[in-house]
Every structure is written in structure tokens, then in C-alpha cells.
Amino acid sequence: MTSPPTDPSALHWDPETFRQHGHQVVDWLADHMAGIADLPVRSRVEPGEVAARLPTSAPGEGEPFEALLADLDDVVMDGMTHWQHPSFLAYFPANASPPSVLADLVSSGLGAQGMLWSTSPAVTEVETVVLDWLVDALGLPAAFRSDGPGGGVIQDTASSATLCALLAARERVLDGAGNRDGVPQGLTVYASAHAHSSLEKAARVAGLGSIALRSVPTDADHGMAPAALAEAIDADLADGLRPVMVMATVGTTSSTAIDPVAAIAEVTTERGVWLHVDGAFGGSATVCPEHRDMIAGLEHADSYVMNPHKWLLVGFDCSAFWVADAAALTGALGILPEYLANAASASGEVIDYRDWHIPLGRRFRSLKLWWVLRSYGIEGLRSHIRAHVAMAQQLAGWVADSDDWELAAPHPLSLVCMRHRRDDAVAERAMEAVNASGNAFLTHTRLDDRYVVRVAIGGWRTTMDDVRGAWDDLVAAATRIEGVGHG
Ligand SMILES: *Cc1c(COP(=O)(O)O)cnc(C)c1O
């Protein structure tokens, strides 16, 4: 038996080989960007089609890089739905702007794991400073800045941030006993009927169970009714239950409805309940001063999350989460095994972000946020947001003027919700026809028990021509479907 080689360098690319293949990859991506508008937005593959193009086992011997690159075209691309396509108007955008893409490449190349300040000080300190920048850029309360008791952290997603908020709130109510003894029954959480499902998932993961969730009624504009919130909390208190957290949403996923944060904060402050605000999509808009009304009252919130990885040009994943009192968060999530003990942590002079979220390990995600803020500048980001808001208002005007379609909800940001005036089935089939054509991609929701088509504007390549094209296609499809009857 031969002994294994003690110099494995022959296994790996040398820096010159990396340079050469790296250039090939950047060229491939640049060509993809240049040609993306000609691709069908939504993938048309059938289930299993991509898997069937792959061999059933990994290769025994390594393959040349050219073969890997070729299979991007031959195996993968048919199975891609193009989120960066200018006519991607589905869900909410997941913008991967060019500076963000390159920053992620650098983050991967540096390959640092920033679980502790001491495991790579720059990973922590750039993040802290850039999140402070973002507090100011978005007009958020100064209490979220790191120079007081509060501070921010980058999480993978808003779902994780909301879970962390709930864990901090839970331990504040239980005074740490939940972590020590397990979670007792009778804890409750509150959000509007239109809140994101991540709250219910968080309630399950945090040991409260779905039973803890109170769906608070909304007003005609689909925003939470504060009086109904007060009533729900007081009824639970009277029953001996323990309210843990209220989540207000600024920009719901269905329709970008905006819960009245200031009025909700009065209810939570009076009753000492943790207020978490979910601005996952809408939060990007407050980079523009004219959109800051929607976060009025945020200075009374305990935590806030918004996703730069949706509308603010930072590639997935980058969710910004702030707390007014970091000790409540680290008290709930901090844990120190001997193998992570170090002098810097013991000094109390550094932030160890491992105590601010669920995972231990973390990538250098602030790099892409930093590069986006610097490449575009705050004024560039404002122009980006304002363009989409203007497009949405124009589209809303066309819908309002239509004989066949009508607006289904207010459109304060860049999402337009519309329904067919006469027939939900026509709307549904028309949307499916548009999506099947590959020319645009739209999704739907239900509001007031009607089928509603959502046109979510916000992609970095989207122009008014793309919005016009999708609208014209939708109108034409509905006319055709209604004309031939569909009974
Ligand atoms: C998209 C969205 C979420 C979930 O975001 P993730 O980062 O994917 O977890 C939560 N809340 C609202 C209002 C959203 O629009």
C-alpha cells in the first residue's frame, strides 16, 4: 500500500489557473447579463428534467473546468427562472446588482468565518459601521445605532431575524427561564391577518406553537386595526396568558399594506409588550425621505428588520436586523463554550455576532452591502426606488382607467394589486397565459376573497416598457379568454 502524498498542492488550481477560470466566469456572467432580456422569464422545465441531465454519481477523477462551464449552459440554464430579468414582476425582487455580485465573490475568496470578532476583526467592524450608516440612510431611530445600547446585525433572512426577535422577547418575558427550564404554555404573539407566515413559523420554532398566534383584524386598507390589537391583548391578559410580542408590518407581502406603527406602539408600550416591525420589502423605500411616514413611531419599537436583498440592490442573502437593546438579544442567544473563549471577547470591548443570531458561523456579508452603498451612493439608491414607485403609479392609473380591471388595494410603494372587474377565473387564466408565454412573470394573492394579480416592480433592469408590455399582455389575454368563454 502506497502512503498518501504529504504535498497535496498538485490537487489544486494555482493562482494563475484561478485567474484564468475566474475571467471565464466573469465573462460568462457578463454575457448572461447582456442577453437576459431575450430569455423566457420563468423556467419551462418539467419536474425531474434537470435531474435527468445529471449523472447518477459524482465523477471518480476530476474534470476540466471547461466541462463544468459547459454544463451551466447544457444542464442548468433551462431550469432557471430569471429573477434578474427586466420582466420579472413576481413575488418581490431579489436584486443582485453587479457590485454586490463582485463583493460576494470577494467574500467567498477571502473565505473568512466571522463568528467572533477575533476570528476576523474586519468582518465584524465593517458590518457594525455599515449597519450604522444604514440606520441614518433609512431614517431609522438613533437607538438602533451601535454607539448606544442597541445595534444591528446582518442575518440570512427576515424569517431568521423575526425568530431572533421572538426569542429575545420570550426571554424578556420569562426572565431567562425559557432557556433554562423550557418554554411554558400560555405565551402569545400578535400580528395582522396579512402578516408574513415567518411569524407563525417562528412561534413554532420558539416553542410557543401555532396556538400562540393571534391574527388581529385589519381595516379596509388591510393595515392592522390598533383598537382590535389592544382588545386581543387585554382579553389574553384577563385570561392569565402572557403576551410576548407584537409584529407590525410595513409593506405586507400580499399588498404592501402598512400597519400604523405609532398607534400600535402606544398599545405595546402601555402593556410592556415587545414590538417587532417587519419591513422586509417596504423598508428599502425609506431611503427616500418622502416614504418615512410609514415608519413613524419606530422609535418605540424594540426591533426592526428590512431586507437589502429585496429592493435595495444587495444580492441574496442580506437581511438587516436592529434591536434597541442588544443585551436582550445576546441574553437570549449568547452561549460560550470553552473552545471559543478568547481575550478579546473577555475584554467586553468587541462585538461577537455569533451571539446575535442562530448559527455560529457567518460569512463576510457586509462587504456587499458596503459596496452597494458606496457604488450607488444614497442618491443613486433613491433614484432606483423612485423610478419603481413612479412606474407603479403609472401602471395603477392604467388599471383604474380600464373597463376590465380594477385596483384591489392601495399602492403606496411599487406593488400594484389588481383584479378582473367581472370574473376571478379570467384573471387567473390570463395571468397563467402571460407566465406561460415567458414574456413576463406575475404572481397572485387573495384579498377580500377575490383573486388578485400582483405586479411587483422593483428589479434593477425593469423599465416602463417592460411594465407596459406585461400589462398589455395581461389585458389581451383576459380579453381573449373572456371572448371565447371559459365555462
Ligand atoms: C419577503 C418577506 C419576508 C420573508 O423574507 P425572507 O428574508 O425570505 O425570510 C418577511 N416579511 C415580509 C413582509 C416579506 O415581504
Side-chain angles (χ1 to χ4, degrees), residues 32 35-47 49 77-95 253-256 281 310-311 387-409 411 413-487:
H32 172 66
I36 193 170
D38 299 326
L39 299 173
V41 187
R42 194 177 67 170
S43 170
R44 293 158 167 169
V45 297
E46 298 295 330
E49 206 176 316
M77 290 310 279
D78 286 347
M80 293 303 295
T81 287
H82 296 291
W83 286 68
Q84 310 306 313
H85 193 293
S87 297
F88 182 97
L89 304 167
Y91 309 106
F92 281 133
N95 279 306
T253 313
S254 258
S255 72
T256 58
F281 172 71
K310 277 183 171 164
W311 199 6
H388 297 142
V389 175
M391 288 184 221
Q393 305 321 305
Q394 199 164 343
L395 170 62
W398 298 336
V399 177
D401 289 345
S402 163
D403 294 332
D404 299 332
W405 295 82
E406 62 191 356
L407 293 166
H411 39 86
L413 300 171
S414 64
L415 173 72
V416 181
C417 290
M418 59 189 75
R419 63 190 178 209
H420 195 265
R421 286 186 189 268
R422 293 173 292 279
D423 193 338
D424 281 1
V426 169
E428 182 171 1
R429 289 182 54 198
M431 191 193 79
E432 262 316 310
V434 170
N435 291 348
S437 76
N439 293 335
F441 185 18
L442 313 172
T443 51
H444 81 282
T445 187
R446 283 198 86 81
L447 291 171
D448 304 317
D449 211 27
R450 294 286 313 272
Y451 188 93
V452 170
V453 176
R454 297 166 77 261
V455 180
I457 301 166
W460 62 288
R461 321 279 286 277
T462 301
T463 68
M464 203 59 226
D465 284 347
D466 303 304
V467 175
R468 176 92 232 179
W471 166 245
D472 287 348
D473 286 358
L474 185 69
V475 169
T479 303
R480 203 167 55 238
I481 289 161
E482 205 173 25
V484 300
H486 58 280

For the backbone of [Y] and the side chain of [X], can you confirm whether one donor and one acceptor N or O come within less than 3.5 Å of each other?
| X | Y | result |
| --- | --- | --- |
| Thr479 | Val475 | yes |
| Thr462 | Pro86 | yes |
| Thr81 | Ser43 | yes |
| Gln393 | Ala390 | no |

**Request:** Under the ring pair (Phe, Tyr, Trp, His ring centres under 6.0 Å) rule, what do Phe92 and Trp311 come out as? Steps first, then yes or no, please.
**Result:** CA-CA 8 Å; Phe92 281 133; Trp311 199 6; 8.5 Å; no
**Asked** Which heavy-atom pair separates Thr445 from Ser254 by the least distance, and what is that distance?
**Response**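 Nearest pair, atom of Thr445 first, then Ser254: OG1-OG, 2.6 Å.
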**Request:** List the atom of Thr463, the atom of Met391, and the distance in Å for their closest heavy-atom pair.
**Result:** C-SD, 3.7 Å
**Asked** CH2/Trp398 to CG/Leu474 distance, rounded to the nearest 0.5 angstrom?
**Response**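 Interatomic distance, Trp398 CH2 to Leu474 CG, rounded to 0.5 Å: 12.5 Å.
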**Message:** Measuring from atom CZ of Arg421 to atom CD of Glu406, what distance do you get when rounded to the nearest 0.5 angstrom?
**Reply:**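 If we round to the nearest 0.5 Å, Arg421:CZ and Glu406:CD are 5.0 Å apart.
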**Prompt:** Are a donor atom and an acceptor atom from the side chains of Thr443 and Arg454 found within less than 3.5 Å of each other?
**Reply:**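 A pair is found: one side chain offers a donor N or O, the other an acceptor, under 3.5 Å apart.
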**Message:** So for atom OH, which belongs to Tyr91, do other residues, nucleotides or ligands contribute more than 12 heavy atoms lying within a distance under 6.0 Å?
**Reply:**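 Check fails, neighbour count at 12 or below.
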**Asked** Do His85 and Phe441 make the cut of ring centroids closer than 6.0 angstrom?
**Response** no
**salt bridge (Lys or Arg N to Asp or Glu O under 4.0 Å) between Glu432 and Arg42, worked out** = CA-CA 11 Å; Glu432 262 316 310; Arg42 194 177 67 170; 3.6 Å; yes
**Message:** Strictly by salt bridge (Lys or Arg N to Asp or Glu O under 4.0 Å), give each pair with a member in residues 388-404 just once, sequence neighbours left out.
**Reply:** Asp404-Arg422
**Prompt:** For residues 458-470, which residue pairs qualify under salt bridge (Lys or Arg N to Asp or Glu O under 4.0 Å), counting only residues two or more places apart or in two chains?
**Reply:**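 As it turns out, the salt bridge (Lys or Arg N to Asp or Glu O under 4.0 Å) pairs with a partner in residues 458-470, which skip direct neighbours, are Arg468-Asp472.
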**Asked** Who are the ring-ring contact (aromatic ring centres under 6.0 Å, His included) partners of His411, not counting sequence neighbours?
**Response**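 In terms of ring-ring contact (aromatic ring centres under 6.0 Å, His included), with neighbours along the sequence ignored, His411 is linked to no residue.
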**Request:** Kindly indicate whether the side chain of Leu39, heavy atoms from C-beta on, has any atom under 4.5 Å from the side chain of Met80.
**Result:** no
**Message:** With heavy-atom distances below 4.5 Å as the criterion, would you say the side chains of Gln84 and Ile36 are in contact?
**Reply:**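 The answer is yes, as the side chains (C-beta and beyond) meet within the 4.5 Å cut-off.
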